[in-house]
Amino acid sequence: MKTTDRRNFIRDLGILSAAAGLSSLLPLEGFAADKKDFFQISLAQWSFHKALFAGKMTNLDFPLKAKNDFDIHIVEYVSPFFKKKETDKAYLKELKDRTDSEGIQNHLIMIDGEGNLGDLDDKARLIAVENHYKWVDAAKFLGCKTIRVNAAGKGTAEEIKASAIDGLGKLTEYGKKNKINIIVENHGGYSSDGNWLSSVIKGVNSSYCGTLPDFGNFRISAEQEYDKYQGVKDLMPYAKGVSAKTHNFKEDGEETDIDYTRMFEIIKAAKWTGIVGIEYEGSILSEEEGIRKTKELLERVRNKF
């Protein structure tokens, strides 16, 4: 190679190297990483509750189903589908081995049927708190970050609020020791009042206690329903996840009763980023088709921001 050619070659190589270095710093046209950073998509196990209750799928099958059929690598479990094996270390190890080997992230466990954390009776409330300890332990073993619980009880709004702050506070102390978040979903009763639930979380006053805003669970009673958009706005300051509920879809793929663009404008305005879980509860489409429709809707909305 001639000296001048070699000099030009070295010069061009330097330019290319510099460009390559800058490419990691400069945005590329059409590159969507920033948009994807807004939220990740997970699959909530309740989307398959019909198949699970019918015995067509097991808790152990669920994570691989999420990955292989829907290309979703983050999963959310529901406690009844563990079939009382939440303290069985061999069972938990098998579940963890399956998810670890497939690169699947265990995100949270939704807990039901373990007593009312807002029970007005001190003894019953403490039993409910302690009933949840095993789920904190299971979540920690599986590599989850969070368990979802309920703030329920029988009494006036103020009575249950005081009891729920106490019950959640005690459970959150145990969660904090294990670095597991304790979050509450708007899930009927007073908890479906966004203002009430946000005041409970504020009362607990711990970074380990937060909310799981669900787009579709704002019915307080048969006669009263809280505005879903206001409810999500109320709960977002404490949110450690979001539950994207769907039932039915229009021809254009939008949810029939929930304006997803409006919902995510509220979420974006709260400066929130995290994991949004698909929770399909419809009856017209199959569970699989409903999950796919919900994922497509979330992806479209995400691309708008």
Inset, instruction - With side-chain contact (heavy atoms from CB on, under 4.5 Å) as the test, would you mind laying out the steps for H247 and E255 before giving the verdict? - result: CA-CA 7 Å; H247 289 96; E255 217 282 338; 3.7 Å; yes
Legend entry - ILVMFWY network linking L297 to I275, side-chain heavy atoms under 4.5 angstrom: no
Inset, instruction - Evaluate the side-chain proximity of L120 to K154: yes if any heavy-atom separation is below 4.5 Å, no if none is. - result: no
Inset, instruction - Check whether the ring centres of H132 and W135 lie less than 6.0 Å apart, and answer yes or no. - result: no
Legend entry - L64 side chain near I104 side chain, heavy-atom distance below 4.5 Å: yes
Inset, instruction - Would you give the length of the straight line joining atom CD1 of I291 to atom CG of L43, rounded to the nearest 0.5 angstrom? - result: 5.0 Å
Inset, instruction - State plainly whether one hydrophobic cluster holds both I74 and L108, where clusters connect Ile, Leu, Val, Met, Phe, Trp and Tyr through side-chain heavy atoms under 4.5 angstrom apart. - result: no
Inset, instruction - Examine the side chains of Y208 and N178 and answer whether a donor and an acceptor come within less than 3.5 Å of each other. - result: no
Legend entry - Test salt bridge (Lys or Arg N to Asp or Glu O under 4.0 Å) applied to E173 and K177, step by step: CA-CA 6 Å; E173 288 175 10; K177 289 176 184 176; 5.9 Å; no
Legend entry - Donor-acceptor contact below 3.5 Å, side chain W46 vs main chain V78: no
Legend entry - Test log, rule side-chain hydrogen bond (donor to acceptor under 3.5 Å, both in side chains), inputs S42 and E76: CA-CA 7 Å; S42 63; E76 307 176 10; 2.5 Å; yes
Legend entry - Cluster overlap L298 with F70, hydrophobic side-chain contacts below 4.5 Å: yes
Legend entry - Neighbour count above 12 (heavy atom, 6.0 Å) for K67 NZ: yes
Legend entry - Test item: D121 side-chain N/O and K123 main-chain N/O as donor-acceptor pair under 3.5 Å: yes
Inset, instruction - Taking the side chain as every heavy atom from C-beta outward, state whether L95 and P63 have any atom pair closer than 4.5 Å. - result: yes
Inset, instruction - Look only at the side chain of D61 and the backbone of M57, and say whether a donor-acceptor pair between them is shorter than 3.5 Å. - result: no
Inset, instruction - Answer with yes or no after comparing the ring centroid distance for F81 and F48 against a 6.0 Å cut-off, counting only values under it. - result: no
Legend entry - Main-chain N/O of T156 paired with E159 side-chain donor or acceptor, under 3.5 Å: yes
Inset, instruction - State, with a plain yes or no, whether a side-chain heavy atom of I220 is found less than 4.5 Å away from one of E225. - result: no
Inset, instruction - Take L197 and Y238 through the side-chain contact (heavy atoms from CB on, under 4.5 Å) test and state the conclusion after the steps. - result: CA-CA 10 Å; L197 182 52; Y238 308 98; over 6 Å; no
Inset, instruction - Find out whether K293 and T246 are in side-chain contact, i.e. whether some heavy atom of one side chain is under 4.5 Å from a heavy atom of the other. - result: no
Inset, instruction - Starting at NZ of K170, measure out to CG of L126 and round the result to the nearest 0.5 Å. - result: 7.0 Å
Inset, instruction - Check R125, R148, K134 against E114 for a salt bridge (charged side-chain N to carboxylate O under 4.0 Å, His left out) and give me the one that passes. - result: K134
Legend entry - Within one Ile-Leu-Val-Met-Phe-Trp-Tyr cluster: F62 and F53, side-chain cutoff 4.5 Å: yes
Inset, instruction - Using the side-chain contact (heavy atoms from CB on, under 4.5 Å) rule, pick out the option among V204, L117, I201, L171 that qualifies with I182. - result: L171
Legend entry - Qualifying side-chain hydrogen bond (donor to acceptor under 3.5 Å, both in side chains) pairs, either residue in residues 78-90, two or more places apart: none
Legend entry - Least distance between heavy atoms, A164 atom then V200 atom: CB-CG1, 4.1 Å
Inset, instruction - Kindly indicate whether the side chain of I267, heavy atoms from C-beta on, has any atom under 4.5 Å from the side chain of V242. - result: yes
Inset, instruction - Using a strict cut-off of less than 4.0 Å between a Lys/Arg side-chain nitrogen and an Asp/Glu carboxylate oxygen, indicate whether D100 and K96 qualify as a salt bridge. - result: yes
Inset, instruction - Any chance you could measure I147, atom CD1, to I109, atom CD1, to the nearest 0.5 Å? - result: 7.5 Å
Legend entry - Joint hydrophobic cluster, I258 plus F305, side-chain heavy atoms closer than 4.5 Å: yes
Legend entry - Distance in Å, D234 CG paired with D193 CG, rounded so as to fall on 0.5 Å steps: 7.5 Å
Legend entry - Gap separating the NZ atom of K145 from the NZ atom of K240, nearest 0.5 angstrom: 12.0 Å
Legend entry - Min side-chain heavy-atom separation L60-E94 under 4.5 Å: yes
Legend entry - Shortest non-hydrogen contact between M236 and A270, atoms and distance: CB-CB, 3.8 Å
Inset, instruction - With the side chain counted from C-beta on, respond yes when Q45 and L52 share a heavy-atom pair under 4.5 Å apart, and no when they do not. - result: yes
Inset, instruction - I would like to know whether Y91 and N59 meet side-chain hydrogen bond (donor to acceptor under 3.5 Å, both in side chains); could you show each step before the answer? - result: CA-CA 10 Å; Y91 177 84; N59 198 49; 3.1 Å; yes
Inset, instruction - Please report the closest heavy-atom contact between D112 and N150, naming both atoms and the distance. - result: OD1-ND2, 2.9 Å
Legend entry - Cation-aromatic face contact K268/F38, 6.0 Å, 45 degrees: yes
Inset, instruction - Taking D214 for its side chain and G216 for its backbone only, find out whether a donor-acceptor pair lies under 3.5 Å. - result: yes
Legend entry - Y77 and N106 side chains, donor-acceptor separation under 3.5 Å: yes
Inset, instruction - Compare every heavy atom of Y229 with every heavy atom of D257, then report the nearest pair and how far apart it is. - result: O-OH, 4.1 Å
Legend entry - Donor-acceptor pair, side chain of T172 and main chain of G175, under 3.5 angstrom: no
Legend entry - Between E185 and N217, a side-chain donor and acceptor under 3.5 Å: yes
Legend entry - No-hydrogen, no-angle side-chain donor-acceptor test under 3.5 Å, S163 and D166: no
Inset, instruction - Check whether the ring centres of Y260 and F215 lie less than 6.0 Å apart, and answer yes or no. - result: yes
Inset, instruction - Go through the steps to decide whether E281 and K245 satisfy the test side-chain contact (heavy atoms from CB on, under 4.5 Å), and finish with yes or no. - result: CA-CA 7 Å; E281 275 193 349; K245 181 69 61 61; 3.6 Å; yes
Inset, instruction - Could you give me the CA-CA distance, side-chain angles and deciding distance for T146 and I180, then say whether side-chain contact (heavy atoms from CB on, under 4.5 Å) is met? - result: CA-CA 5 Å; T146 304; I180 298 295; 5.5 Å; no
Inset, instruction - Please name the pair of heavy atoms, one in S243 and one in E279, separated by the smallest distance, quoted to 0.1 Å. - result: OG-OE1, 3.4 Å
Inset, instruction - Nearest 0.5 Å please: distance from the OG atom of S206 over to the NZ atom of K176. - result: 5.5 Å
Legend entry - Least distance between heavy atoms, L235 atom then T211 atom: O-OG1, 2.8 Å
Inset, instruction - Please find out if less than 6.0 Å separates the ring center of F264 from that of F39. - result: yes
Inset, instruction - Answer yes or no: is there a donor N or O on one side and an acceptor on the other, between the side chain of Y280 and the main chain of L285, under 3.5 Å? - result: yes
